[in-house]
Amino acid sequence: MDINSPLNFYHVPENTPFHCYIVNITVEHSFWQSENPLTQALPLLAWQLSVVIIINRVLFYLFKPLGTPRIVTDILAGIMIGPSCLSKTRFFAVMFPLRSIFIVETVAYWALACHLFLAGLEMDVASIFRLGNKSIRLAFVATLLPFIIGIALYFISVDARGDSHSNIGCIFWGAALTVTSYPVVGRVLADQKLLHTDIGRLAMSVSTVSELFTWVLLAVLIPARVNALNAVLSLVATAGFAILCFAVVRPALANIICKTSKGNKYSEYYLCFILVSVSFFSLISDMLGTTSIVGAFIFGLIMPNRELASALLETFEDFVTDYLMPLFFSSLGIRLEIWKISHWTLAFLLIILCCGAKIVSIFLASYYYKMPSQDGFALGVLMNTKGILALIILYLGFDKGLLEKEEYVIMVLAILLMTGVVPSITSSIYCPNKRLSKYKQRMIQKARPDAEFKILACFQSNRNVSGIINILDCSNASEESPLNVFALHLVELTGRASAVLIVHKPKDKNSYSEQIINSLETYANLNEQLVTIHPLTALSPLTTMHEDICSLAEDKEVNFMILPFHKLPTPDGELEEEGSTSFRGVNLNVLADAPCTVGIFVDRGFGVNEESNLAMRQIAMLFIGGPDDREALSYARRMSMGHGVCLTVVRFIPGEGMDVEAAQAPARDDSGRSLAVLTYMDKQRRLDDEVVNEFRLKSAGQQFMGYEEKWVNDDEELIAALRAMHHIYDLYVVGRGQGMTSTLTAGLMDWCEYPELGALGDLLVTSSFAQGSVIVMQQYTGYGYEFEDEDEDEDDNEDGSGTVNMADSSRNGRVQFSDWGAGSEESDHVHGGLDEVEPLSLRK
């Protein structure tokens, strides 16, 4: 038999019902004896894998600018390799002969089991129990109606063609329409910056329920193809196996890992153990009558150790997703031949109806909940997002002969279309620029005095609570301008790639944040109608936590964000010797990407040592100049308008005869650019004078507001002036000084230990003469420093938010912190979201 005969190519197997193959594993002599190495199994598999990966990656990068989900490019790559496209050529037909398909599918199924094991590692089972009633009801409608519609469309399809059909095949169509892939939904929402919106949270909630239902349905469908009794027995056995895994195997694994691991270090034997266990669990679920992927998924769910799960994801994820899974999609494409469709008009109509099933179902349910029609339509489109489970369902139905080729092709094309158009439709409905165009109050200077003042207060631990509550208490909550506080507890999430934002209900108890929530509720009750507290808990990897914080601030349109310093306060009012380097990285990254004004609060027992609630809080605002100092002065002025605050503003002015402009201008040969810098500095000084004079005018005659000026010539005189301030202040308010240089602080930056605090803030924190707490302000200035054109409309920057890339300012600018612990672009992060659980940002 000629093993390279066209009769042995996969796309022409109808000529004979039986095939006999002689399969050698590898080549002994190769070209040295004129032997074709591709006639043997291993060289052919290596060649197939290489070509499949290349096609897959090329399509991925071609469609990446369009925001197309990865699953769409994977399916397209499989279709291209199959008989619908490239396998019509002699080259690809020889590359995928029929004799090799069995090996390809064996490797593909093992890759699929590993992929779903990793999916189980990423899933947070506890989030399922935080589902809200609205999410459950919408998910029920989004599951039941498409399932019924899918069954009806199946019978319409086969009856219109007059073909014989299997009654069980309709269930596979219904199940494929029902499923919604929450990891793919999460990535689409993250790309469109919709994760933290109401529609984003609701979409993640509904997709989570849909995914859970699909797994149950998958466990039923496989044995149901035999008979009903077999389905019941298999489902009961699989449920018992799952309970046994959670009740017995999971604690046993936790005990073994605890006794054999050394801290967070795991030996290479763990890798072998995991691989063997994935295969073993897959075998067990196969023996129980369901598919092998169910067992692999359950094994991923019961993994007890987060650090080990994280290590496994880092080790396996890229290899399985990028190098092995393309074989699975190629095996799907090889079985799929688009040209088998006989009635193209009917097929096109069925595809459109399939795409509309979820949209109509969700739209009707949203009308019942009185949701805006735009949100109802967008939610329906998002629920059309399919993942690998939908393909598995169709593949199993076709493989077992329960779906005909045309039915299989129509549904795969429908999945391809409905998933591919989701990003473009969603972006057209919720254009990010239009959504954020109303977010204008990003700075305290621009905050309206008669509007609510929104603050995002972040908590690293319980020891941040007292100081930040006292900061909030000083922020002048009034009937004209009440405080709307989003209190975010930052919790490091290790081992699971699923970042979660928990929005706590009243009286909600949570092991992570219970003490913080209780303290905030007590404070809100004492300031009823003046302060509103929204307690939240963010469980996120530290490397990407800054993205979650900034996204939340942007979604809630906050005016001011408070970050705790990475060194926590001690009971005696000092700071820890060693702080959290990881949380310092979070602060640095937030400063680089913040969508609003940011304040880093260094707590040295602010408000703790007060003898009574009637004690005056002594606050000093140190002013040198620049946008950050003006923002700090605006916040200090707001604080001074409340009760129990005594504010002193101290302005440091360069001494007479100093060439300030020469000191601040960059050393450049380009005279035009230097002139632009000097013009910018003149404008900054003018704005500084306006803000200070306005404060002096409004504070004149006020008992608890004071103003001082100190003339200094350099950093040494500045330090001496600070030492001479004998008055003990509870809080210092200073600007970070980004994008600005001054002769008064240029020398301090040379030995600055914490650049995120700026020159003056670092001096106050590290010196011994200032014992009070410090809050360092950074004004929102956009996402980069650029010189302003001379003809630029000055009215657009009257707030001083324009910045300039000074020669020496890069040491404390955004560029310095842009790469601190940044997450990889290519890493997947699956997000679980519910009514009470808000998903955070996805990275791919």
Q | Test item: S292 side-chain N/O and S282 main-chain N/O as donor-acceptor pair under 3.5 Å | A | no

**Q.** Reported CD1-to-NZ distance for the pair I338 and K405, which is rounded to 0.5 angstrom
**A.** 13.0 Å

(Q) Let's go through L353 and I149 carefully: what are the C-alpha distance in whole Å and the side-chain angles of both, what is the deciding distance for side chain to side chain contact (heavy atoms under 4.5 Å, CB included) to 0.1 Å, and is it a yes or a no? (A) CA-CA 9 Å; L353 291 175; I149 293 173; over 6 Å; no

Q.
Tell me if a side-chain donor or acceptor on S210 pairs with a main-chain N or O of S181 at a distance below 3.5 Å.
A. no

Q.
When you measure from the side chain of S551 to the backbone of D548, do you find a donor-acceptor pair of N or O atoms at a distance under 3.5 Å?
A. no

Q: For the residue pair W173 and Y154, categorise the inter-ring angle as parallel (less than 30°), tilted (30 to 60°) or perpendicular (more than 60°).
A: perpendicular

Q: Calculate, to the nearest 0.5 Å, the distance between atoms CG and OG1 belonging to L118 and T321 respectively.
A: 6.5 Å

Q) With a 4.5 Å limit on heavy-atom distance, are the side chains of Y395 and S331 in contact? A) yes

Q: Evaluate the side-chain proximity of E105 to L327: yes if any heavy-atom separation is below 4.5 Å, no if none is.
A: no

Q) Is there side-chain contact between I171 and F147, with heavy atoms separated by less than 4.5 Å? A) yes

Q: Report the relative orientation of the aromatic rings in Y408 and F398; use parallel for angles under 30°, tilted for 30 to 60°, perpendicular for over 60°.
A: parallel

Q) Where do F329 and I75 come nearest, in terms of heavy atoms and distance? A) CD2-N, 4.2 Å

Q | Closest approach of P423 to G67 (non-hydrogen atoms, all atoms of both residues) | A | CG-O, 3.3 Å

**Q.** Whether S279 side chain and L275 backbone form a donor-acceptor pair below 3.5 Å
**A.** yes

Table please: side-chain donor-acceptor pairs of residues 380-392 below 3.5 Å, with sequence neighbours left out.
from: N384; atom 1: ND2; to: C355; atom 2: O; distance (Å): 2.6
from: T385; atom 1: OG1; to: L382; atom 2: O; distance (Å): 2.8
from: K386; atom 1: NZ; to: A176; atom 2: O; distance (Å): 3.3
from: K386; atom 1: NZ; to: L177; atom 2: O; distance (Å): 2.7
from: K386; atom 1: NZ; to: V179; atom 2: O; distance (Å): 2.7

(Q) If I take atom CG from residue L413 and atom CG from residue L336, how far apart are they, to the nearest 0.5 angstrom? (A) 6.5 Å

Q) How many angstroms lie between CD1 in I103 and CG in L44, if you round to the nearest 0.5 Å? A) 7.5 Å

Q: Please report the shortest heavy-atom distance between V52 and S330, naming the atom on each side.
A: CG2-CB, 4.0 Å

Q: Of all the heavy-atom pairs spanning L153 and C354, show the shortest one and how long it is.
A: CD1-SG, 3.8 Å

Q) Between I274 and F299, does a side chain to side chain contact (heavy atoms under 4.5 Å, CB included) hold up when you go through it step by step? A) CA-CA 9 Å; I274 294 300; F299 182 60; 4.1 Å; yes

Q. Can you tell me how far the CG atom of D593 sits from the SG atom of C550, to the nearest 0.5 Å?
A. 5.5 Å

**Q.** Evaluation steps, side chain to side chain contact (heavy atoms under 4.5 Å, CB included), between L324 and W110
**A.** CA-CA 9 Å; L324 291 183; W110 187 79; 3.8 Å; yes

Q. Taking C-beta and beyond as the side chain, do T73 and N56 meet within less than 4.5 Å on heavy atoms?
A. no

Q | W339 atom CH2: more than 12 heavy-atom contacts under 6.0 Å | A | no

Q: To the nearest 0.5 angstrom, please state how far the CD1 atom of I81 sits from the CD1 atom of I55.
A: 4.5 Å

(Q) If I compare all heavy atoms of T178 with all of P146, which pair ends up nearest, and what's the gap? (A) OG1-C, 4.2 Å

**Q.** Where V278 and A296 come nearest, the two heavy atoms and their spacing
**A.** CG1-CB, 4.2 Å

Q: Take H115 and I293, measure what side chain to side chain contact (heavy atoms under 4.5 Å, CB included) needs, and give me the verdict at the end.
A: CA-CA 9 Å; H115 176 77; I293 61 176; over 6 Å; no

Q. Between the main-chain N or O of L416 and the side-chain N or O of T419, is there a donor-acceptor pair closer than 3.5 Å?
A. no

Q. Between I351, L394, I410, which is the residue that forms a side-chain contact (heavy atoms from CB on, under 4.5 Å) with I415?
A. L394

Q: Please examine the side chains of F63 and L76, heavy atoms only from C-beta on, and report whether any two atoms are closer than 4.5 Å.
A: yes

Q.
Using side-chain heavy atoms (C-beta onward) and a distance below 4.5 Å, is M325 in contact with V320?
A. yes

Q: Please confirm whether the backbone N or O of K64 pairs with a side-chain atom of T68, one donor and one acceptor, at under 3.5 Å?
A: no

